[in-house]
Amino acid sequence: MIATLLIAFIVGGLICVVGQLIMDLGKLTPAHTLSILVVLGSVLDGFNLYEPLIDFAGAGATIPITSFGNSLTHGALAEAEKHGWIGVLTGMFEVTSSGISAAIVFGMIGALIFHSKGQHP
């Protein structure tokens, strides 16, 4: 069990290091870095490389944002095989809808509870 936790920690940490390097060396904003990591996860899934990473690292590969790109592509490809082109659209949202919904709900709750700095006189 300790080896599993260590592997997840190292892989997840390496993904975060890649993101930090993109921001620091590429002088990119967090939004650009987020987009790059989502696309990276999508590309890796398109080449069937992300699932073996998940099998190896578990939560170390499913928690970082690259997993969102993996989920989008994985759902789109799976549904495209069943339903054709319309499956590409429906598959993306079918797999990721709970995560998107949770982000919206918790973001709204956070906005109602907390006040951002600089917004009040």
Taking atom CG of Asn70 and atom CD of Glu51, what is their separation to the nearest 0.5 Å?
5.0 Å
Flag yes if Ile113 and Phe106 sit in one hydrophobic cluster, no otherwise; membership is Ile, Leu, Val, Met, Phe, Trp, Tyr, and two members link when side-chain heavy atoms are under 4.5 Å apart.
yes
So, His74 and Ser71: side-chain donor and acceptor under 3.5 Å apart, yes or no?
no
Closest non-hydrogen atom pair between Pro64 and Ala59, with its separation:
CD-O, 3.9 Å
Indicate, with yes or no, if Leu34 and Met23 share a hydrophobic cluster defined by side-chain heavy-atom contacts under 4.5 Å among Ile, Leu, Val, Met, Phe, Trp and Tyr.
no
Mind checking the CG-OG1 spacing from Leu72 to Thr96? Nearest 0.5 Å is all I need.
5.0 Å
Name each donor-acceptor pair under 3.5 Å that joins a side chain in residues 2-19 to protein atoms two or more places apart or in another chain, with its distance.
none

Which distance, rounded to the nearest 0.5 Å, do you find between the CZ of Phe47 and the OG of Ser42?
12.0 Å
Which value, rounded to the nearest 0.5 Å, describes the distance between Ile109 atom CD1 and Phe114 atom CZ?
10.5 Å
Output for pair (Asp24 CG, Thr33 OG1), nearest 0.5 Å, gives 8.5 Å
Distance col, row Asp45:CG vs Ile54:CD1, nearest 0.5 angstrom, shows 7.5 Å
Hey, which of Thr73, Thr66, Ile65 is the one that makes side-chain contact (heavy atoms from CB on, under 4.5 Å) with Val38?
Ile65
Can His32 and Ser35 be said to form a side-chain hydrogen bond (donor to acceptor under 3.5 Å, both in side chains), step by step?
CA-CA 5 Å; His32 288 108; Ser35 299; over 6 Å; no
Within one Ile-Leu-Val-Met-Phe-Trp-Tyr cluster: Val39 and Phe68, side-chain cutoff 4.5 Å
yes
Ala61 backbone acceptor or donor facing Tyr50 side chain under 3.5 Å:
yes
Quick check: is Ile63 connected to Leu44 through a chain of hydrophobic side chains (ILVMFWY, heavy atoms under 4.5 Å apart)?
no
Answer with yes or no whether the hydrophobic clustering places Leu28 together with Leu40; edges join I, L, V, M, F, W, Y residues whose side-chain heavy atoms lie under 4.5 Å apart.
yes
